[in-house]
Novice: 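First the structure, which I've put down as structure tokens, then a few questions once you've had a look.
On a predicted model such as this, the values are computed, not experimentally measured, just so you know.
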Amino acid sequence: QVQLVESGGGLVQAGGSLRLLCAASGLPFSSYVISWFRQAPGKEREFVGGIAWSGGSNYYSDSVKGRFTIVRDDAKNAVFLQMNSLRPEDTAVYYCAARGGRAVVAAPSGYEYWGQGTQVTVSS
């Protein structure tokens, strides 16, 4: 059974760092993409970044580029989202999602499998 589980969220001060983990299991794809999304209250779910597993290509939204980094751990079959220089506007529930194929897309509708999310709160 497909399972994506996020962890690592919490409360941090502005300017601080946090690392989120997405552990994936049971994905039925020969090639797949894992991406991170976030959703703040009253706002649409937005793309943060993603990685094409087989090709190793990473993509980031303009709002986090240079601050956030996605790192894969093949041995653990997991993806980390390293978040640095956090800002209050980064506060949101962060989700990891998976889709088949090699194309990283920004639309939430392009992803079939989702984790339950983990809350990240950045205080000012």
Side-chain angles (χ1 to χ4, degrees):
Q1 185 176 36
V2 174
Q3 187 169 351
L4 279 70
V5 180
E6 305 97 333
S7 61
L11 175 64
V12 298
Q13 296 179 349
S17 298
L18 197 64
R19 186 172 69 172
L20 306 183
L21 169 69
C22 175
S25 62
L27 290 172
F29 315 115
S30 57
S31 60
Y32 54 93
V33 168
I34 296 180
S35 293
W36 287 92
F37 292 81
R38 66 186 183 185
Q39 187 166 22
K43 297 183 178 180
E44 296 181 346
R45 187 167 297 188
E46 66 172 341
F47 175 77
V48 174
I51 178 172
W53 197 268
S54 296
S57 299
N58 292 50
Y59 296 91
Y60 303 93
S61 68
D62 290 339
S63 63
V64 306
K65 193 173 184 179
R67 299 188 299 121
F68 292 8
T69 304
I70 295 174
V71 180
R72 74 178 189 181
D73 188 329
D74 291 329
K76 298 179 180 179
N77 198 30
V79 171
F80 297 91
L81 179 65
Q82 180 65 47
M83 304 185 293
N84 298 323
S85 301
L86 284 163
R87 307 164 181 169
E89 52 264 41
D90 294 319
T91 296
V93 176
Y94 283 71
Y95 301 88
C96 67
R99 59 171 276 133
R102 299 185 298 274
V104 176
V105 299
S109 61
Y111 294 80
E112 183 176 3
Y113 300 103
W114 292 82
Q116 295 301 307
T118 184
Q119 177 71 46
V120 172
T121 302
V122 184
S123 64
S124 60

Novice: I need the minimum non-hydrogen distance between Tyr95 and Gln116, along with the two atoms involved.
Specialist: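 Taking every non-hydrogen atom into account, CE2-O, 3.5 Å.
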Novice: Indicate, with yes or no, if Tyr111 and Tyr94 share a hydrophobic cluster defined by side-chain heavy-atom contacts under 4.5 Å among Ile, Leu, Val, Met, Phe, Trp and Tyr.
Specialist: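 No, Tyr94 does not connect to Tyr111 through the hydrophobic network.
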Novice: Taking only distance into account, with no hydrogens and no angle test, what donor-acceptor pairs under 3.5 Å do side-chain atoms of residues 97-110 form with protein atoms, sequence neighbours excluded?
Specialist:
residue, atom, partner, partner atom, Å
Arg99, NE, Ala103, O, 3.1
Arg99, NH1, Gly110, O, 2.9

Novice: Following the transitive rule for hydrophobic clusters with a side-chain heavy-atom cut-off under 4.5 Å over Ile, Leu, Val, Met, Phe, Trp and Tyr, establish whether Tyr59 and Val48 coincide in one cluster.
Specialist: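 No, no single cluster joins them.
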Novice: Check whether Trp53 and Phe37 end up in the same hydrophobic cluster, where Ile, Leu, Val, Met, Phe, Trp and Tyr are linked by side-chain heavy atoms less than 4.5 Å apart.
Specialist: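 No, Trp53 and Phe37 fall in different hydrophobic clusters.
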Novice: Looking only at non-hydrogen atoms, find the nearest pair between Ala92 and Ala40 and report the distance.
Specialist: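 That closest heavy-atom pairing would be CB-N, 3.8 Å.
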Novice: Got more than 12 heavy atoms from elsewhere within 6.0 Å of CD, Gln13?
Specialist: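 Result for CD/Gln13: open.
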Novice: Do the side chains of Ile70 and Phe47 join up, straight or via other hydrophobic residues, at under 4.5 Å, putting them in one cluster?
Specialist: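 Cluster IDs for Ile70 and Phe47 differ.
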Novice: Show the nearest heavy-atom pair for residues Lys43 and Gln39, with the distance to one decimal.
Specialist: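 For Lys43 and Gln39, the tightest heavy-atom pair comes out as O-NE2, 3.1 Å.
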Novice: Look up atom CD1 in Ile51 and atom CG in Asn58, then write down how far apart they are to the nearest 0.5 Å.
Specialist: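 If we round to the nearest 0.5 Å, Ile51:CD1 and Asn58:CG are 4.0 Å apart.
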Novice: After noting the C-alpha distance and the side-chain angles of Trp36 and Glu6, does the key distance pass the side-chain contact (heavy atoms from CB on, under 4.5 Å) rule?
Specialist: CA-CA 10 Å; Trp36 287 92; Glu6 305 97 333; 3.9 Å; yes
Novice: Would you sort out whether Val120 and Arg38 count as a side-chain contact (heavy atoms from CB on, under 4.5 Å), showing the intermediate values?
Specialist: CA-CA 9 Å; Val120 172; Arg38 66 186 183 185; over 6 Å; no
Novice: Show me the donor-acceptor pairs within less than 3.5 Å that the side chains of residues 17-32 make with the rest of the protein, sequence neighbours left out.
Specialist:
residue, atom, partner, partner atom, Å
Ser17, OG, Asn84, OD1, 2.9

Novice: Under 4.5 Å between side-chain heavy atoms, counting indirect links through other Ile/Leu/Val/Met/Phe/Trp/Tyr residues: same cluster for Met83 and Leu11 or not?
Specialist: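 Met83 and Leu11: separate clusters.
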Novice: Any side-chain heavy atom of Asp90 within less than 4.5 Å of one from Arg67?
Specialist: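 Result yes, sub-4.5 Å side-chain heavy-atom pair found.
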Novice: Can you name the nearest heavy-atom pair linking Ser124 to Ala14, along with the distance?
Specialist: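 Answer, listing the atom of Ser124 first, then Ala14: CA-CB, 4.4 Å.
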